Amino acid sequence: MTDFASLLQPDRGQPATPIHVVRPEEFASWLGAQPPRIRTAIAAHGLTGKPGDRAVLPGDASDTWSMLLVCDEAMSSPWRIASLGASLPADTYRLAEGDVGGAGLGWMLAQHQFDRYRKPARKPARVLLTSEVASIEPTIRLAEATAMVRDLVNTGASDLGPAELEAAVETLAARHGATVTTTRGDALASGYPMIHAVGQAASEARAPRLIELEWGNPTHPRVALVGKGVCFDSGGLDIKPSAGMRLMKKDMGGAAHTLALAGLVMGAKLPVRLHLLIPAVENAIAGNAFRPGDVLDTRQGMTVENTNTDAEGRLVLGDALTRAVEHRPALILDFATLTGAARVALGPDLPPLFTDDETLAAELIDASHAQADPLWRMPLWNGYDDMLKSDIADLVNAPDGGFAGAITAALFLRRFVPPGIAWAHLDVFAWRPTAKPGRPKGGEAYALRAAFAMLSTRYGTP
């Protein structure tokens, strides 16, 4: 695990190389205030002040230097200097204009490597100094949580099945003094029939289970986090093509998000009664796999006609949401890599947010702006609820026709959350298809910072 605490440290006046971060519209005035040696160096580089311009600048002594970066990112953006965190020589740095703001997170994450399967490149630490000492520990926790999501999602399914996901929850619980309860076997089949049905074709070593973590004072408001934990999704008997199956190790990305978010809540000691629920399964193919046309019982009591075995995530979430509701929480958040339709609508970087609660929607959107961690609200359009009708059961899991796939999936989940409980569903991709500064290609956390900021604002600090 990356030692993030070594990368962002208090500024106590120790020697450090300056980094100038200048906005494009301020470049001319900044340049005019610089000494002749700086203006000469800028002219030699041919810089005009467009975003992305950078240069090594001479210092006032022969052995000193500074770095210039022209950047149009906001102060709140974690990625403002992330490109430097990955490329500068090993040294200690400080920002010459203003303080670090949100940029410390990207600086640290730019130096994180997923090294489970290959020897990591040896890269000495680049240390960033900040005078905002109180923000160091919370920023380190955010970096650790983001790295947790990335590492879990990047791990191959052969090394991360339901049992390993359970072990990750146990490890987090031990760190924070939480308790873990896991339901499997006959108890799962009778108590959580949809979770059992989806996972029943997997091998015994990868048997389905519901993993629950609880933490905090029972008198505090109860917050439930529900994460889709499909450790590999073949599509079941409605098998995916090879191209569609290639990245299905990431189908537990929702579980990774909620596990990381639970760690942030416990690390910050938010005054809540935390309930984390992860239905962990592998959607495999065998003689006992659930079939198209099967009618499934649910923990809630409804019956579901299974019209597509590749729409399994909403099934396992339905039983987990029912369990969460039984404790009458003040709030439920669920994260899931649920639909390709969400990606078609909004692409990989912009997770759709579904909720009927106007206050919760506003809080999450405000937090997403403040954290530069975008969300986009999409409608729980009641007019599409009829698409979930079945001729033989209470509802279907996947309507025919393929219209409004992300919305109908969210409407299916809503059937398991009664009115009066604040609930939001986030359909995250959990994967970055192309690298950006501080954000390598591969597993990625989306809306994690926004959700944690919302919880911190809503419930405050101890």
Side-chain angles (χ1 to χ4, degrees), residues 73-78 101-102 105 135 138 142 145-146 220-227 254 257-258 260-262 264-265 268 270-276 317 321 324-325 328-336 338-339 341-342 345-385 404 406-430 445-462:
E73 296 255 13
M75 277 285 291
S76 61
S77 171
L105 179 63
S135 70
L142 283 174
T146 303
H220 288 159
R222 177 175 282 268
V223 172
L225 306 177
V226 183
H257 278 74
T258 53
L261 183 54
L264 287 170
V265 168
L270 293 188
V272 300
R273 177 62 170 176
L274 179 67
H275 189 192
L276 170 68
L317 287 172
L321 286 167
V325 164
R328 302 301 300 179
L331 173 66
I332 300 175
L333 297 180
D334 82 67
F335 283 76
L338 204 61
T339 67
L346 298 179
D349 292 352
L350 191 56
L353 160 68
F354 294 91
T355 181
D356 279 333
D357 188 302
E358 297 300 324
T359 299
L360 179 57
E363 290 175 355
L364 280 166
I365 295 298
D366 287 348
S368 77
H369 291 316
Q371 298 297 315
D373 193 18
L375 287 167
W376 193 269
R377 189 179 183 188
M378 289 182 68
L380 282 163
W381 185 250
N382 292 326
Y384 293 158
D385 209 49
I407 297 173
T408 55
L411 289 170
F412 180 91
L413 297 181
R414 189 176 68 173
R415 295 289 188 98
F416 297 89
V417 182
I421 294 179
W423 161 72
H425 161 59
L426 295 98
D427 190 337
V428 295
F429 191 42
Y446 293 99
L448 176 66
R449 301 191 312 277
F452 177 60
M454 181 277 293
L455 291 173
S456 299
T457 300
R458 176 175 275 222
Y459 296 107
T461 55

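Everything quoted here is computed from the prediction, not taken from an experiment.
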Answer whether the closest heavy-atom distance between the side chains of [X] and [Y] falls below 4.5 Å.
X	Y	result
Thr258	Val226	no
Thr457	Glu363	no
Arg458	Val223	no
Leu455	Val272	no
Met454	Leu331	yes
Leu274	His220	no

Minimum heavy-atom distance between [X] and [Y], given as atom pair plus value:
X	Y	value
Leu261	Ala451	CD2-CB, 3.9 Å
Tyr459	Pro221	CE2-CB, 3.7 Å
Ala372	Ser76	CB-O, 4.2 Å
Leu350	Pro374	CD1-CB, 3.7 Å
Phe452	Ala268	CZ-CB, 3.8 Å
Asp356	Arg414	OD2-NH1, 2.9 Å

To the nearest 0.5 Å, tell me how far [X] [atom1] sits from [Y] [atom2].
X	Y	atom1	atom2	value
Thr146	Arg449	OG1	CZ	6.5 Å
Thr355	Leu360	OG1	CG	4.5 Å
Leu411	Asn382	CG	CG	7.0 Å
Leu276	Leu333	CG	CG	11.5 Å
Ile407	Trp381	CD1	CH2	9.0 Å

Quick one: does any side-chain atom of Arg222 pair with a main-chain N or O of Ala324 as donor and acceptor, under 3.5 Å? no
Any donor and acceptor pair, going by atom type alone, linking the side chain of His257 with main-chain N or O of Gly227 inside 3.5 Å? no
Review item, side-chain donor-acceptor pairs of residues 422-430, under 3.5 Å, at least two apart:
unit_1, atom_1, unit_2, atom_2, d
Trp423, NE1, Asp334, OD2, 2.9
His425, ND1, Asp334, OD1, 2.6
Asp427, OD1, Leu338, N, 3.1
Asp427, OD1, Thr339, N, 3.4
Asp427, OD1, Arg343, NH1, 3.4
Asp427, OD2, Thr339, N, 3.3
Asp427, OD2, Thr339, OG1, 2.7

